A.B. asks: 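Structure incoming, see below.
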Amino acid sequence: MKILHTADWHLGKRLDSFSRHNEQVEVLNEICELAERENADAVIIAGDLYDSFNPPTDAIELFYKTLKRLANNGRRAVIAIAGNHDSPERIEAPDPLARECGIIFAGFPNSVITPFALPNGIEVLQSEAGFIELKLPDVAFPLRLLLTPYANEFRLKTFLGIEDAEARLSEVLAQRWKELADKYCDDKGVNMLVTHLFMMKREGELPEEPEEEKSILHLGGAQAVYSDNVPEQMQYVALGHLHKKQIIDTHPCPVVFSSSPLAYSFSEANQEKFVMLLDAHPGKKIKPKAIPLTKGRKLLRERFTDMDEAITWLGEHQNDLIELTIVSTTYLTANDRNRLTDAHPYIINIIPQISSTESGNDETIDAIDLRKSVADLFVDFFKHKTGGQLPNEQLLSLLNEVLTLDEEI
């Protein structure tokens with residue numbers, strides 16, 4: 001059984017005012033060609049299908065056309081779950097029509113997939129909240145998937161019927177996943193967990209996050225789910241949420257963020273992007289193969305103290321999206337800005353940084369780092385106003401609620 005794992009498409013995403021739509025068309029075409037070339041039996045998309053709850057029309061059209069092509073007229077199963085940028089209701093809205101093509105949507109952690117069977121061989125054998133077992137064409141054994149789309153901590157507990165407000169999210173999910181795995185997952189099929197959550201190795205380093213995905217609750221670990229919460233029966237964990245390819249753990253199985261197909265913020269500058277190809281057999285370890293994606297513009301960050309050097313460098317990177325930091329002893333003039341923008345059509349940000357040369361020193365004056373997340377900027381502001389004091393958990397939780405509400409709106 002061959003399976004492709006991808007995530008974080010963020011269709012409709014813009015980089016400031018610059019549209020990424022044409023790049024998304026190219027890279028999704030590349031993923032479709034890869035699925036055809038590798039003769040994949042199933043494609044898993046682990047959340048953040050869109051970039052917002054109300055994506056533009058061209059993003060919706062691209063999404064449906066891509067899934068229809070991936071599904072290959074019902075010969076290849078496509079399973080897509082909602083991420084934190086997605087509206088669960090929107091994701092599930094086309095479900096009756098999608099099932100006729102072999103496309104399965106899960107918007108909520110307690111979504112129940114309606115059983116169906118297609119003439120080309122795809123069939124839902126068993127289903128309950130958070131679980132599906134699939135028969136695939138030309139494969140002698142089933143694919144079992146634990147499905148946990150994104151929901152914030154309160155909603156996850158609500159969906160899973162947990163009344164204890166103090167219960168830790170990781171423990172709640174571990175218990176639910178174990179119940180499903182013990183009930184359905186033996187060594188006569190391929191067993192996988194698909195989720196869009198912040199997962200890390202216990203006592204390990206925090207995985208790298210793109211700027212716009214950072215949550216202040218992660219700083220205290222309140223929303224972290226751990227790799228040791230994964231049931232022993234699982235052979236692979238297909239994660240979405242973080243945009244850099246990362247293998248979080250290898251026990252009890254590979255726990256993998258596949259990466260986004262494009263670099264979506266300058267914190268991802270120079271990152272290579274991938275899809276994961278799995279060759280899966282019942283009862284055997286899966287060794288994921290990372291396949292690089294080649295489409296889309298590079299995102300580059302560079303810092304200059306000399307304007308002429310900056311102009312020369314820009315001439316050498318005409319097709320890339322650029323963030324420039326210009327360090328000087330004076331503010332950038334309108335003429336300086338015009339020289340830069342005339343030299344390159346895709347400068348997204350120009351960040352002026354003032355240095356002081358008084359008393360023979362060449363020190364850079366502290367400046368607001370616009371590359372930081374809103375949460376990190378708030379912490380910096382609070383420390384500045386209070387003489388270095390950190391905001392307490394109650395204040396951070398309140399800010400997180402505001403940021404989450406803003407995402408959903």
Side-chain angles (χ1 to χ4, degrees), residues 1 3-5 7 41-47 49 76-83 86 88 91-92 95-96 98-99 102-118 121-136 139 141-151 155-162 169-197 199 225-241 252-256 278 280-283 286:
M1 181 187 294
I3 302 169
L4 281 185
H5 165 208
D41 298 295
V43 177
I44 291 172
I45 313 167
L49 316 175
R76 179 185 298 121
V78 178
I79 303 96
I81 67 170
D86 298 314
I91 297 306
E92 291 196 350
D95 181 62
R99 289 199 306 269
I103 301 167
I104 297 167
F105 292 120
F108 300 92
N110 61 345
S111 292
V112 179
I113 309 302
T114 303
F116 66 90
L118 299 182
I122 295 175
E123 182 179 355
V124 174
L125 300 174
Q126 299 186 83
S127 174
E128 74 167 84
F131 173 80
I132 186 172
E133 182 178 54
L134 287 168
K135 179 184 181 298
L136 303 179
V139 179
F141 45 86
L143 172 63
R144 289 83 168 258
L145 300 176
L146 308 187
L147 301 176
T148 307
Y150 174 83
R155 290 179 179 175
L156 262 174
K157 291 179 180 178
T158 301
F159 289 139
L160 298 177
I162 305 301
L169 177 60
S170 57
E171 296 170 358
V172 168
L173 286 172
Q175 179 180 350
R176 178 57 178 162
W177 289 338
K178 185 178 186 303
E179 290 171 357
L180 291 171
D182 289 346
K183 184 176 181 180
Y184 292 108
C185 298
D186 57 25
D187 61 1
K188 293 179 174 58
V190 170
N191 307 313
M192 295 174 54
L193 167 63
V194 182
T195 188
H196 191 95
L197 293 171
M199 188 175 285
V225 179
Y226 300 104
S227 54
D228 59 20
N229 299 135
V230 175
E232 289 290 334
Q233 296 95 324
M234 293 302 103
Q235 295 168 260
Y236 184 84
V237 179
L239 296 172
H241 182 56
C253 63
V255 180
V256 182
L278 318 175
H281 301 268
I286 293 176

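Everything numeric here is computed off the predicted structure, so don't read it as measured data.
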A.B. asks: Can you find a pair of side-chain heavy atoms, one from Pro282 and one from Lys188, that are under 4.5 Å apart?
C.D. replies: no
A.B. asks: Report yes or no: does Thr148 contribute a side-chain atom to a donor-acceptor pair with the main-chain N or O of Thr195 at less than 3.5 Å?
C.D. replies: no
A.B. asks: Hey, could you give me the CD/CZ distance between Gln126 and Arg144, rounded to the nearest 0.5 Å?
C.D. replies: 8.0 Å
A.B. asks: Quick one: CD1 on Ile104 to CZ on Phe116, what's the gap to the nearest 0.5 Å?
C.D. replies: 4.0 Å
A.B. asks: Between His241 and Tyr150, is a side-chain hydrogen bond (donor to acceptor under 3.5 Å, both in side chains) present by the stated rule, with each step listed?
C.D. replies: CA-CA 9 Å; His241 182 56; Tyr150 174 83; over 6 Å; no
A.B. asks: State, with a plain yes or no, whether a side-chain heavy atom of Leu134 is found less than 4.5 Å away from one of Leu125.
C.D. replies: no
A.B. asks: Would you name the heavy atoms of Leu146 and Trp177 that are closest together and state the gap between them?
C.D. replies: CD1-O, 3.8 Å
A.B. asks: Kindly give the heavy-atom pair with the smallest separation between Pro109 and Ala151, and that separation in Å.
C.D. replies: CG-CB, 3.9 Å
A.B. asks: Given the rule in the side chain to side chain contact (heavy atoms under 4.5 Å, CB included) test, do Glu92 and Phe108 qualify, once you have shown the distances and angles that lead to the verdict?
C.D. replies: CA-CA 9 Å; Glu92 291 196 350; Phe108 300 92; 3.9 Å; yes
A.B. asks: Roughly how far, to the nearest 0.5 Å, is the OG atom of Ser111 from the CD1 atom of Ile81?
C.D. replies: 10.0 Å
A.B. asks: Considering all heavy atoms of both residues, which atom of Leu49 and which atom of Asp86 are nearest to each other, and what is their separation?
C.D. replies: N-OD2, 3.0 Å
A.B. asks: Between Ser127 (side chain only) and Ile113 (backbone N and O only), is there a donor and an acceptor less than 3.5 Å apart?
C.D. replies: yes
A.B. asks: Nearest 0.5 Å please: distance from the CG atom of Asn191 over to the CG atom of Leu143.
C.D. replies: 8.5 Å
A.B. asks: Below 4.0 angstrom, N of the basic side chain to O of the carboxylate: do Glu128 and Arg176 qualify?
C.D. replies: yes
A.B. asks: Test Cys185 against Leu180 for side chain to side chain contact (heavy atoms under 4.5 Å, CB included), laying out the working first.
C.D. replies: CA-CA 8 Å; Cys185 298; Leu180 291 171; over 6 Å; no
A.B. asks: Between Met1 and Leu278, is any pair of side-chain heavy atoms under 4.5 Å apart?
C.D. replies: no
A.B. asks: Can you tell me how far the OH atom of Tyr236 sits from the CE atom of Met192, to the nearest 0.5 Å?
C.D. replies: 6.5 Å
A.B. asks: About how many Å separate CD of Gln175 and CG of Asn229, when rounded to the nearest 0.5 Å?
C.D. replies: 11.5 Å
A.B. asks: Just by modelled atom types, is the Pro149 backbone N or O under 3.5 Å from a matching donor or acceptor in the His196 side chain?
C.D. replies: no
A.B. asks: Would Leu197 and Met199 count as a side chain to side chain contact (heavy atoms under 4.5 Å, CB included) here? Give the steps.
C.D. replies: CA-CA 6 Å; Leu197 293 171; Met199 188 175 285; 5.5 Å; no
A.B. asks: Is the Phe141 ring parallel, tilted or perpendicular to the His281 ring (thresholds 30°, 60°)?
C.D. replies: tilted
A.B. asks: Under the side chain to side chain contact (heavy atoms under 4.5 Å, CB included) test against Ile79, which residue among Ile3, Ile45, Leu147, Val194 passes?
C.D. replies: Leu147
A.B. asks: Carefully, step by step, assess Ile44 and Leu145 under the rule side chain to side chain contact (heavy atoms under 4.5 Å, CB included).
C.D. replies: CA-CA 10 Å; Ile44 291 172; Leu145 300 176; 4.1 Å; yes
